[in-house]
Number of protein chains: 2
Amino acid sequence: MLESFVFHFGEMGSRWGFNRTVGQIYALLVITEEPISANEIGECLNISRGNVSMGLKELSSWQLVHTLHKPGDRKDYYHTNGSIWDMANRVFEERRKREIDPTLSLLRDILLDNPGNDAEKYAQVRIDEIYRLLENITQWAQSLQSLSPEKLDTLMKLGSGVGKVLDIKDKLLQKQQ
Amino acid sequence: MLESFVFHFGEMGSRWGFNRTVGQIYALLVITEEPISANEIGECLNISRGNVSMGLKELSSWQLVHTLHKPGDRKDYYHTNGSIWDMANRVFEERRKREIDPTLSLLRDILLDNPGNDAEKYAQVRIDEIYRLLENITQWAQSLQSLSPEKLDTLMKLGSGVGKVLDIKDKLLQKQQ
DNA sequence: CTAAAGGTTCAGAAATTTCTGAAACTTTAG
DNA sequence: CTAAAGTTTCAGAAATTTCTGAACCTTTAG
């Protein structure tokens, strides 16, 4: 049963920016309370020692694992740190840095060019749309990250009810004018 | 310049659930105003006719392209439809169906199992966290999709200022009590 | 200082994904 | 009905990604 979780997260991993093994290692660490050694990970998942090492390196670069040392033992022990929400945030943040930011910078460059003909003019209009959308979404996502967890929770629970709250806000502003 | 856009989106494509060619075809269609034929796409991107056909099939399954016919011409012509925002929505919706929903269903199954020991008990607690997070986020995203574009725009522009609006809402509710 | 225990690296092997192009299929003009 | 114009399919080739394991590096107990 739990193996199916680890296996499934391996497949999912590739959607989130890392490969199957990395996904499996991560899933294993998430559901294991005690920190475990690299050897144990390898045995558990049936992968080579080298592959475990590379996987853990990748997860560290995403800041998703912690290393521990037990006194009188020189092995490294690994575990995941933070709540699931922290981890989701970290993946989001990291992907923004690695993917969205370079894309935005490329689009910006393209938009600075003078269009040579109508086709290029049209293309720039479309690219500008994409640029604005991407920028809006990432800025918004970042501002949400700075919200306190409780407020974020309230907001999520509101769901589309947030529309009504916005209406109230508008009315208040009108009265003040 | 525009080639770099097409090329970059090819790379990006793999992050969004489809392969390089599909990403390039899509990028090309987005920045091309006039509908173009499958042959033109192949020439433009230097890919085989068969590959173009498969790519377009994939894009259709994501509902991201439209087929057109010119009178007196039996070729198919392709173009993208809808605003960039529509497209982002469609990709989100489609990925939810293909990835998130199966994941949620797997997690639900695991949570129904009776834990056999402490390790399994711990694993279930963690999996439950993941389950609730995923469900929260997708439900929220869906309720946002049902918001009118203007409201969504207001909300995005508010950014973290949405926190203050929530405070106002709370105060109003207290007065009413 | 030495050797044992553990970690990392990376060249090439294995697995997986993507692409090609020829054959098969579909549609329609004549 | 036939043939030309066009599209789709899919087996195998090519490209890409991932994985292994032996060589190498690092740390520390003695």
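Every value quoted in this text rests on a predicted model; they were computed, and no experiment measured them. Chain identifiers are assigned alphabetically (A, B, ...) following the order of the sequence lines, protein sequences preceding nucleic acid strands; residue numbering begins at 1 within each chain.
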Under a plain distance cut-off of 3.5 Å, with no hydrogens placed, do A:R108 and A:T103 share a side-chain donor-acceptor pair? no
Within the side chain of A:D113, is there an N or O that forms a donor-acceptor pair under 3.5 Å with the backbone of A:P115? no
Would you mind reading off the distance between A:L68 atom CG and C:dG7 atom C1', rounded to a whole angstrom? 17 Å
In this structure, would B:V65 and B:I25 fall into the same cluster of hydrophobic residues linked by side-chain contacts under 4.5 Å? yes
Tracing side-chain contacts under 4.5 Å among Ile, Leu, Val, Met, Phe, Trp and Tyr outward from A:Y77 reaches A:L68
Without decimals, in angstroms, what is the distance between B:H69 NE2 and D:dG6 C1'? 11 Å
Between the side chains of A:E40 and A:S37, is a donor N or O closer than 3.5 angstrom to an acceptor N or O? yes
Roughly how many Å is it from NZ in A:K70 to P in C:dG6, rounded to a whole number? 13 Å
Rounded to the nearest Å, what distance is computed from the CD1 atom of residue A:I36 to the P atom of nucleotide C:dG7? 13 Å
For the residue pair B:H66 / B:T80, report whether a side-chain donor-acceptor contact shorter than 3.5 Å exists. no
Just call it for A:N39: base, sugar-phosphate, or nothing, with non-hydrogen atoms closer than 4.0 Å on any strand. nothing
Hey, is the side chain of B:K57 poking within less than 4.0 Å of OP1 or OP2 on D:dT9, counting only N and O atoms? yes
Please state how far atom CG in B:L59 lies from atom P in D:dT7, giving the value in whole angstrom units. 16 Å
Rounded to the nearest angstrom, tell me the gap between atom CG in A:D73 and atom P in C:dG6. 7 Å
Readout for nucleotides 17-30 of chain C: B = base within 4.0 Å of protein heavy atom, S = sugar-phosphate only, - = neither; 5' to 3' it is -SSBB-----BB--
Output the rounded distance in Å from CG (A:L56) to C1' (C:dG6). 14 Å
Measure from CD1 on A:I25 to P on C:dG7 and round the result to the nearest Å. 13 Å
